[in-house]
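Here the structure is laid out as structure tokens; the discussion comes afterwards.
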Amino acid sequence: MSEAQKTAERQAGAPPEATGVDRFFRITERGSTFGREIRGGFATFFAMAYILVLNPLILGSAKDKFGEQLDPVQLTTATALVAAVMTIVMGVGGNLPLALAAGLGLNAVVAFQLAPLMSWDDAMGLIVLEGLLICVLVVTGLREAVMHAIPQQLKQAISVGIGLFIALIGFVDAGFVTRIPDAANTTVPVQLGSTGTLTGWPMLVFCVGVLLTIGLLARKVRGAILVSIVTMTVVALVINAIADVETWGLTTPEWPDTIVDAPDFGLLGQFSLFGAFGQVGVVTVVLLVFTLILSDFFDTMGTVVGVSAEAGLLDEEGKVPGLGKVLLIDGAAAVAGGAASASSATSYIESAAGVGEGARTGFANLVTGSLFGLALFLTPLLTIVPLQAAAPALVAVGFLMMTQVKHIEWDRYEIAVPAFLTIAVMPFTYSITNGIGAGFLAYVLVKTVLGRAKEVHWLLWGTSALFLVYFAIDPIEQLLGV
């Protein structure tokens, strides 16, 4: 066969030329398809749609210094709007399947630590200020430099720790694991179910959902996670209609009386950038903003690394593609969250559910963001998925992320000890930031006692010093009298 014939044959069998959208998002280049991206976008939305209920619940249940409360309907609108806009911006600008919404933990800080000291406008102003400072750190290159200074195996430990953490979130959200009330006077902090046993129809939905998801993944069924979520939602709807279920938790699977609900944008722009300084003083504001920045900074770092690693997007040096843009958009999301009174918006580890479904690019974010946009008008319809139907996806993704533990050299103490603490502290303290901080401090300490302190990047020394302040913030505040 002539060379010309061979060339013609290769061209005839070549895949069709990529469309403009495909090239822009590099869908084919990253080994994905439009179908996988769409399924991934849906899976991510369903895995994190609970924030539409939980964020208004947390912020709406608190009062500020003057006894004022935020309107739940307006909070729902603000939460959905920020999630929709910033998720799409991340998809287009960062090209990662990384959705954003109001950060859990950060919203609790706003509700129960900031608001009692000042007005809601002042509290949200601090969130805007925190986001602006994070953007400055990104523009100066410091935030990206810190991420690049972390040893590759410690990054892998962060991913593993997040895997355990996200699995625990799934178990807790579903009620499979609950905290034993302190009044019980027991030495066991958590238990199986609400009474030490698994009871009720919602728990059956979760358990069957976990088994279904695992079975579908083992069979390598396309859309396994999304199929499980949709199937168990339908099962939950049927059960709720025919059985006497006491409670499903935050979201009850029942067909709503109305599908369309008008959004209320009344909270947008209700913030005061420097009002907190007059309420609590400069020192207190500095400490509060420092805590917010550190938490947001490293929660995002862990999430970006973990999701990118699970998607197979890290390069040979363990770096995230387009990291500067990703971090800048995340910082801008904090600003947007504060400006809309939805609390600081940040990258969501639940994005791993979409990655588990095959998402590899920012195109999945267009789907997730659009669904949040629809939620502005269709909140009653889109929030019928109970946590018991969505949580199995988090457990399954936790397993997938856990597999990276095989890359860690457990016979090297300077790696093994920090890795262990990173992995263990995240789920045990319910915080990505705490796990990263424990790992950093242990890494610096072990390297030092082994006489190899010079091998530690100077940025890790500085970051570890900040974590010392972070962990010792209470005695520091007492010493300063704030």
Side-chain angles (χ1 to χ4, degrees), residues 43-44 47-48 50 98 103-105 150-180 188-193 206-207 209-211 213-214 217-218 225 228 295 298-312 314 318 346-357 387-388 390-410 415-443 467:
T44 294
M48 60 186 287
Y50 66 85
L98 197 65
L104 284 175
I150 304 170
Q152 172 66 8
Q153 292 191 52
L154 202 52
K155 289 181 180 178
Q156 291 164 336
I158 291 171
S159 296
V160 174
I162 289 175
L164 287 179
F165 179 43
I166 198 172
L168 179 59
I169 290 174
F171 285 126
V172 171
D173 283 353
F176 186 88
V177 172
T178 62
R179 182 174 61 185
I180 300 175
V188 182
V190 293
Q191 64 184 358
L192 183 66
F206 170 72
C207 292
V210 171
L211 296 175
T213 307
I214 292 173
L217 286 173
I225 292 175
S228 174
S295 180
F298 288 100
D299 261 20
T300 296
M301 188 188 77
T303 299
V304 171
V305 171
V307 171
S308 298
E310 180 59 25
L314 299 181
T346 188
S347 302
Y348 257 59
I349 191 57
E350 282 84 351
S351 303
V355 171
E357 198 55 73
L387 289 176
Q388 290 82 1
L394 302 183
V395 176
V397 170
F399 155 72
L400 294 173
M401 298 184 73
M402 179 73 187
T403 58
Q404 296 186 56
V405 74
K406 63 186 177 184
H407 299 300
I408 299 172
E409 297 178 81
W410 293 105
I415 292 295
V417 173
F420 165 73
L421 288 175
T422 299
I423 293 169
V425 172
M426 279 189 196
F428 290 160
T429 65
Y430 224 66
S431 168
I432 294 174
T433 297
N434 291 346
I436 293 175
F440 279 16
L441 289 170
Y443 180 76
F467 270 116

Main chain of Ala352, side chain of Glu310: is a donor-acceptor contact present, judged purely on distance under 3.5 Å? no

Could you tell me which residues satisfy side chain to side chain donor-acceptor pair (under 3.5 Å) with [X], sequence neighbours excluded, listed by chain and number?
| X | answer |
| --- | --- |
| Ser308 | none |
| Gln404 | none |
| Ser351 | none |

For [X], which residues count as a side-chain contact (heavy atoms from CB on, under 4.5 Å) partner, sequence neighbours excluded?
| X | answer |
| --- | --- |
| Ala47 | Glu350, Ala353, Leu394 |
| Leu192 | Phe176, Leu198 |
| Phe399 | Thr403 |
| Ala442 | Val417, Pro418, Leu421 |

When rounded to the nearest 0.5 angstrom, what is the spacing between OG1 in Thr422 and CD1 in Ile150? 9.5 Å

When you look at Thr346 and Thr300, which way does the side chain to side chain donor-acceptor pair (under 3.5 Å) test go after all the steps? CA-CA 7 Å; Thr346 188; Thr300 296; 2.9 Å; yes

Is there a donor-acceptor contact under 3.5 Å linking the side chains of Thr213 and Ser228? yes

Can you list the residues that meet the ring pair (Phe, Tyr, Trp, His ring centres under 6.0 Å) rule with Phe428, with sequence neighbours excluded? none

Excluding sequence neighbours, so at least two apart, what forms ring pair (Phe, Tyr, Trp, His ring centres under 6.0 Å) with Phe165? Tyr430

